[in-house]
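Residue numbering restarts at 1 for every chain, and letters A, B, ... go by the order of the sequence lines.
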Amino acid sequence: MSCYRGKYADELIANAAYIGTPGKGILAADESTGTIGKRLSSINVENVENNRRALRELLFCTPGCLQYLSGVILFEETLYQSTAAGKPFVDVLKEGGVLPGIKVDKGTVELAGTNGETTTQGLDGLGARCAKYYEAGARFAKWRAVLKIGPNEPSQLAINENANGLARYAIICQENGLVPIVEPEILVDGPHDINKCADVTERVLAACYKALNDHKVLLEGTLLKPNMVTPGSDAEKVTPEVIAEYTVRALQRTMPPAVPAVVFLSGGQSEEQATVNLNAMNKLQTKKPWSLSFSFGRALQQSTLKAWGGKEENVKAAQEAFLTRCKANSEATLGKYQGSSTLVEGASESLHVKDYKY
Amino acid sequence: MSAFVGKYADELIKNAKYIATPGKGILAADESTGTIGKRLSSINVENVEANRQALRELLFTAPGALAYLSGVILFEETLYQKTSDGKPFVDVLVENNVVPGIKVDKGTVDLAGTNGETTTQGFDSLGARCAEYYKAGARFAKWRAVLKIGVTEPSELSIQQNAQGLARYAIICQENGLVPIVEPEILTDGSHDIKKCAAATETVLAAVYKALNDQHVLLEGTLLKPNMVTPGSDSPKVAAEVIAEYTVTALRRTVPPAVPGIVFLSGGQSEEEATVNLDAMNKLEVLKPWTLSFSFGRALQASTLKTWGGKKENVEKAQAGFLARCKANSDASLGTYGGGSAGGVASESLYVKGYKY
């Protein structure tokens, strides 16, 4: 075969398949120190290590939530943190049947000569870092490539650079025992319609899978984390059924069946929107040889964060909010979500931030 | 979306899906005049139009055979031929729910500076030709790209040229109402093992699907005609189950689910081998979001040809043999082939080194 099969091949395949277990998905809790700072400041909480730790403890120790998760993406700091009682987060997750993951990219930098397009850095010493993260208990990784839609965007340069970067990151992960989540996020910013988003998504995904093949990545040991196909943020909304149709079709046209699962990013959608859209996709009667699940950050944590407000006495209420979202998204992966009759504060709030960086 | 959705889009999708009907497959009867000449001379039959017409009539009117076929690929001459009663072949096929197809490439030419690698020609006025073929009743087309395995082959040039060529041919077909069968054949010639064939097949197919995406081809309105993944012709054989596993793995890694069906070429395998391998693939317990069927030329006709020998009195027996191979492959496309329809000729290897047709 044309792909690299190293010593971790069987493990990678098993772990990727496990993450795609129907009924489960990923909590993206890998906000960098700067980004989590913005979240904390929005609820008037100081951005110090103990508060960052307290928030993650609140999430990971929510009674009953881990059954709905197959993985949690961590930021490096968090990978080495423990509960207040001294139990490593990695152990909390493992005991709950959840694979720890690690964000390994080092953010985006601009591509000179383009209209604000970017590439992602982090390849230097990546192999060694992955090996260390594996030792610390991580079993999957995440690397976020970012593209945008505009009159001349995404440019061929941006597509090639980001696809190549994702493929290079992916093979290095596999050499070191980490399942790479391949994330080519096309930002929702703009007045374009859903057809344009579909066109761009299909071209970007085709380029990604060509690059993965060129770099000999073992597709059975990877996951995809794409945007859903939607109208731009400044365009008229459409129904979840339309989003589902366009999204699944884009995947049918580009994603080989060897990839076990898709874990969508929420990209600024409200908690409820993201869940309802995921549900619509899983209800769709069409060819889907990969499971369709979630890898949500904001869309899993927003109302939890608000309910917490940084106060010990609010932890229980915050954890209930978090459990509700986890269960809702679990149901959505099975096409069984009934919708929320009473949404807690924040669940319908759009989480779109223009030109989002984190 | 990134695919071109022209006036024929719905028809293309419908026809591609029909051709991919489980239990049916394609008879590749598109041998050029030169190639059919070799077949006819092997049974001492003169290569004149009447004999070419007689052979195809034998095949298309074989009682019960058309039930197992969803399509027949024709050479241009045949598209305009009739039965001896004067009924156009196209009508015979259409009345029996078989979609007529047409070979549109004009053969291969060497790529200078390579070690015998080739590209395929046929672009000039291809659109206009497709439109004419559509008017004559054709609803799908075929274009054969050829690659080889060697120490430095397939080269990047060969992969790129053939992938881009297939994509360009495909979009021109779709503009003119013909479902393009995309055929990137990697020859079996050589002493390489099955892993080498798998690597080459995965690399080539990845390049093909990237090219199809680049050129805005509507995948739902296409079919793929690949080689099976096997050891080279000079290498020890492996079991059908092994061929099935490597082939399906290669396809799972490269062919998007939007493609409705995959119709394998037989590439020199004997009739029985080709059927047994196809059957093994359909028996494989793994997720396959496209149907796996056949588009066989030699592997459907070899024993029929021998039995006929060009003699009228042998037609009935030859047709019975042809029906048997059609049914066998229909069963294989459902994973229910029991074996046993192989006569002596059915097990004969049809391998010809450096095969051109």
Side-chain angles (χ1 to χ4, degrees), chain A residues 1-5 13 17 20 154 156 159-160 163 167 193-222 224 229 245-262 286-291, chain B residues 1-5 13 17 20 154 156 159-160 163 167 186 193-222 229 245-262 286-291:
Chain A
M1 44 246 78
S2 63
C3 58
Y4 166 74
R5 278 190 80 100
I13 293 171
Q156 199 58 49
I159 294 174
N160 292 346
D193 65 14
I194 195 170
N195 276 306
K196 177 81 185 181
C197 179
D199 173 281
V200 172
T201 302
E202 288 170 23
R203 282 191 288 124
V204 168
L205 290 181
C208 285
Y209 282 101
K210 179 61 165 68
L212 290 171
N213 182 280
D214 288 344
H215 287 260
K216 310 193 195 303
V217 176
L218 176 68
L219 291 188
E220 293 88 335
T222 66
L224 182 72
V229 176
E245 193 197 312
Y246 276 74
T247 304
V248 175
R249 186 172 58 194
L251 297 170
Q252 286 174 333
R253 288 174 172 177
T254 54
M255 238 183 80
V259 182
V262 178
T286 184
K287 277 193 285 191
K288 294 171 286 184
W290 356 254
S291 58
Chain B
M1 48 241 81
S2 62
F4 167 70
V5 179
I13 293 172
K17 197 158 179 232
E156 186 60 23
I159 295 173
Q160 282 313 313
I186 302 168
D193 64 15
I194 194 169
K195 289 192 166 158
K196 177 93 180 171
C197 178
T201 303
E202 289 173 24
T203 303
V204 168
L205 289 180
V208 168
Y209 282 97
K210 179 61 166 68
L212 291 172
N213 181 278
D214 287 345
Q215 303 228 24
H216 309 293
V217 177
L218 179 68
L219 292 188
E220 294 88 336
T222 66
V229 176
E245 194 195 312
Y246 276 80
T247 304
V248 175
T249 299
L251 298 169
R252 277 172 52 84
R253 289 175 174 172
T254 53
V255 184
V259 178
I262 297 177
V286 77
L287 225 152
K288 294 164 279 182
W290 357 252
T291 58

Practice task
Flag the pair E220(B) and K17(B) as a salt bridge only when some basic side-chain nitrogen lies within less than 4.0 angstrom of an acidic carboxylate oxygen.
Solution key: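 So E220(B) does not pair with K17(B) through a salt bridge.
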Exercise for the section: Please list, chain by chain and in numerical order, all residues satisfying side-chain hydrogen bond (donor to acceptor under 3.5 Å, both in side chains) with T247(B), sequence neighbours excluded. Expected result: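 Listed in chain order: nothing, the list is empty.
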Problem - Partner residues of R252(B) under the side-chain hydrogen bond (donor to acceptor under 3.5 Å, both in side chains) criterion, sequence neighbours left out - result: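 Partners of R252(B) by the side-chain hydrogen bond (donor to acceptor under 3.5 Å, both in side chains) criterion come out as none, since no residue qualifies.
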Problem - For chain A, the option from P256(B), P257(B), A258(B) that forms the most heavy-atom pairs under 4.5 Å - result: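 Ranked by heavy-atom pairs under 4.5 Å with chain A, first place is P257(B).
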Heavy-atom cut-off 4.5 Å, strictly under: side chain, backbone, both or neither for [X] against chain A?
X	answer
V286(B)	neither
L218(B)	side chain
A207(B)	both
A206(B)	both

Problem - Portion of L212(A) that has a non-hydrogen atom of chain B nearer than 4.5 angstrom - result: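 Interface part for L212(A): neither.
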Problem - Engaged part of A250(A) at the chain B interface, taking heavy atoms whose separation is under 4.5 Å - result: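 Contact with chain B is absent: no heavy atom of A250(A) under 4.5 Å.
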Practice task
Looking only at non-hydrogen atoms, find the nearest pair between W290(B) and L251(B) and report the distance.
Solution key: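 In this case the closest contact between W290(B) and L251(B) is CZ2-O, 3.5 Å.
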Handout entry: Contact summary for E202(A) and N213(B), nearest pair of heavy atoms
Key =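 Nearest heavy atoms, E202(A) then N213(B): O-ND2, 3.5 Å.
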Practice task
Please confirm whether the backbone N or O of K287(A) pairs with a side-chain atom of Q252(A), one donor and one acceptor, at under 3.5 Å?
Solution key: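 Yes; judged by distance alone, with no hydrogens or angles, the pair exists.
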